[in-house]
Amino acid sequence: MPSIRMRPEIAALPAYRQGRPAVSDGYKLSSNENPYGPLAEIVEALGRAEVNRYPDATGPALRAQLADRFGVTAQEVHLGAGSVALLSQFITAVAGPGGEVVYAWRSFEAYPGLVTVAGGRSVPVPLTADGRHDLDAVADAVTERTRAVIVCSPNNPTGPAVGAAEFEALMQRLPSDLLVLLDEAYAEFVRDPDAVDGSRLLRRWPNLVVLRTFSKAWGLAGLRLGYAIGSEEVLDAARAVAVPLSVTGQAQLAGSIALRHEDLLLRRVEDIVGTRGRVLQGLRDLGLDVPDAQGNFVWLPLGDGTAAADDVLHAHGITARAFPGDGIRISIGEEESVSRLLEAAAALPR
Ligand SMILES: Cc1ncc(COP(=O)(O)O)c(C=O)c1O
């Protein structure tokens, strides 16, 4: 049988690698998920959903809620089946053959594949030694060919948030017709008072799109729901590229209910932030080098020791996310996972 002719860059592209599942009697700290289960009201609403019907394609009720919350119009909000779908749409809308997308690296592992699929070329810019974006270097990497810049704050997997002042300086340096995607998947976990908050900058920078998700703080990762906020013109391009009807009615409904229970859900976030503090302190007390952590995860930059350390964690029932040769990202999970994690960390080879 002759093999099917494919785009060579796609044939060479590995499939997205998901965090490992948990070992039995262990903790899955590999996918930056929320350890809290869904609200009863959401479970009940999902049970009543009319799944024989297509969803409303644009999610007007949820968009109206989000628009109200962020002080924008409903046309300045666009929903996606997870913020990763939105990233894909924006990159596809602007990149294409010859188009370059600049982003700090290491960062969210989906970026390189999304750029390749769009036909564009990634321009990764090394992080600083303490896992932060080097925004001067990002701006220096922008050329005539650049079609988008992605800034991930807090950065997955290293943890620090981008500062408001340095982000402002970056925006000042970039051409006003260059799309900037500020990926704030972990925004609700940020406690750094100097961090950028994209939702405050939208009117100021029409070339800025802020991406957020219901997967992390809002605990709806399994339903796939994210949103973009930005100018209507830029969002219209993403809407044109989107796979129609991919945001399910259940996801829209759950997002609406979650927003109505913001107080409760943000109290859970506060608990996760508290757990993060204990994990961070515990790891640093063991003498481990851990960068600032503003998301629901911490990063151990272990370099060549990564694979061996991952085995030790795994043997202790901690399933984390290893990036061989670079480091290990450990999500903040159940409160009970902390003592197990710190025991495991104490056994790491030095
Ligand atoms: C930085 C960042 N952006 C986007 C996403 C995608 O999240 P989702 O597609 O679940 O909204 C993730 C998920 O891990 C992430 O870490």
Side-chain angles (χ1 to χ4, degrees), residues 16-20 28-35 38 59 62 66 77-92 101 103-115 117 122 124 127 131-133 148-162 167 180-190 195-196 198 209-229 238 242-243 246-248 250-252 254-255 258-259 272 276 291 293-299 319-323 327-333:
Y16 180 78
R17 198 171 65 91
Q18 200 169 18
R20 286 207 251 186
K28 181 175 186 267
L29 306 180
S30 55
S31 297
N32 295 347
E33 293 154 340
N34 192 315
L62 178 56
L66 288 166
V77 180
H78 169 48
L79 306 179
S83 55
V84 71
L86 296 164
L87 280 161
S88 168
Q89 291 165 19
F90 286 105
I91 293 169
T92 303
V101 180
Y103 51 83
W105 192 254
R106 179 175 286 278
S107 191
F108 179 37
E109 57 271 30
Y111 297 157
L114 295 177
V115 174
V117 170
S122 284
L127 296 169
R132 294 179 181 275
H133 279 56
V149 170
I150 310 175
V151 175
C152 184
S153 180
N155 190 51
N156 173 14
T158 55
V162 167
F167 186 77
V180 179
L181 297 170
L182 179 58
D183 183 348
E184 294 189 316
Y186 302 95
E188 297 85 351
F189 299 100
V190 173
V196 67
V209 169
V210 173
L211 300 175
R212 299 241 177 136
T213 181
F214 281 90
S215 296
K216 310 294 180 182
W218 303 86
L220 297 176
L223 283 171
R224 315 302 304 122
L225 182 64
Y227 57 98
I229 318 174
V243 173
S246 54
V247 181
T248 65
Q250 293 101 307
Q252 295 174 29
L259 283 176
I272 296 168
R276 175 181 76 194
Q294 294 294 323
N296 63 343
F297 52 89
V298 294
W299 172 247
T319 304
R321 184 67 181 266
F323 298 94
I328 296 184
R329 187 194 69 198
I330 307 169
S331 307
I332 304 302

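For ligands, and for the atoms within them, numbers begin at 1 and follow the listed sequence. These figures come from a predicted structure and were not determined experimentally.
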inquiry  = Can you tell me which residue among L259, L79, L223 is in a side chain to side chain contact (heavy atoms under 4.5 Å, CB included) with F214?
reply    = L259
message = Taking only non-hydrogen atoms of G226, do any sit less than 4.0 angstrom from ligand 1?
response = no
task = Identify the heavy atoms of A195 and V190 that sit nearest to each other, and give their distance.
result = CB-CG1, 3.6 Å
inquiry  = If I apply the N/O under 3.5 Å rule, does Y111 come out as touching ligand 1?
reply    = no
inquiry  = Out of all atoms in ligand 1, which are within 4.0 Å of some heavy atom of G82? Include the element for each.
reply    = 8 (P), 9 (O), 11 (O)
inquiry  = One residue to check: Y186. Relative to ligand 1, which of side chain, backbone, both or neither has a non-hydrogen atom less than 4.0 Å away?
reply    = side chain
message = Does any N or O of ligand 1 fall below 3.5 Å from an N or O anywhere on V84, backbone included?
response = yes
task = State if C152 counts as touching ligand 1 under the rule of any non-hydrogen atom under 4.0 Å.
result = yes
message = With a heavy-atom distance limit of 4.0 Å, tell me whether S83 approaches ligand 1 through its side chain, its backbone, both, or neither.
response = both
message = Quick check for you: to the nearest 0.5 Å, what is the distance between F108 atom CZ and I150 atom CD1?
response = 10.0 Å
message = I need the nearest protein heavy-atom contact for atom 12 (C) of ligand 1: residue, atom name and distance, please.
response = F108 CZ, 3.5 Å
task = Identify the heavy atoms of V196 and S153 that sit nearest to each other, and give their distance.
result = CG1-OG, 3.8 Å
key: Nearest non-hydrogen protein atom, atom 2 (C) of ligand 1   = D183 OD2, 3.4 Å
query = Are the side chain of R276 and the backbone of V298 linked by a donor-acceptor contact shorter than 3.5 Å?
reply = no
query = Between V149, V151, L87, L86, which is the residue that forms a side chain to side chain contact (heavy atoms under 4.5 Å, CB included) with L181?
reply = L87
Residues Y186 and N32: side-chain donor-acceptor under 3.5 angstrom = yes
query = Purely on distance, is any nitrogen or oxygen of S31 under 3.5 Å from one on ligand 1?
reply = no
Close side-chain approach of R132 to N155, heavy-atom, < 4.5 Å = no
query = Taking only heavy atoms of N156, which atoms of ligand 1 are found under 4.0 Å from at least one of them?
reply = 1 (C), 15 (C), 16 (O)
request  = Provide, to 0.1 Å, the distance between atom 13 (C) of ligand 1 and the closest protein heavy atom, together with that atom's residue and name.
outcome  = K216 NZ, 3.3 Å
request  = Can you pull out the closest protein heavy atom to atom 9 (O) of ligand 1? Residue, atom name and distance to 0.1 Å, please.
outcome  = R224 NH2, 2.7 Å
query = Closest heavy-atom contact between S83 and T213?
reply = OG-CB, 3.7 Å
ask   = Which residue supplies the protein heavy atom nearest to atom 10 (O) of ligand 1, what is that atom called, and how far is it?
value = S215 OG, 2.6 Å
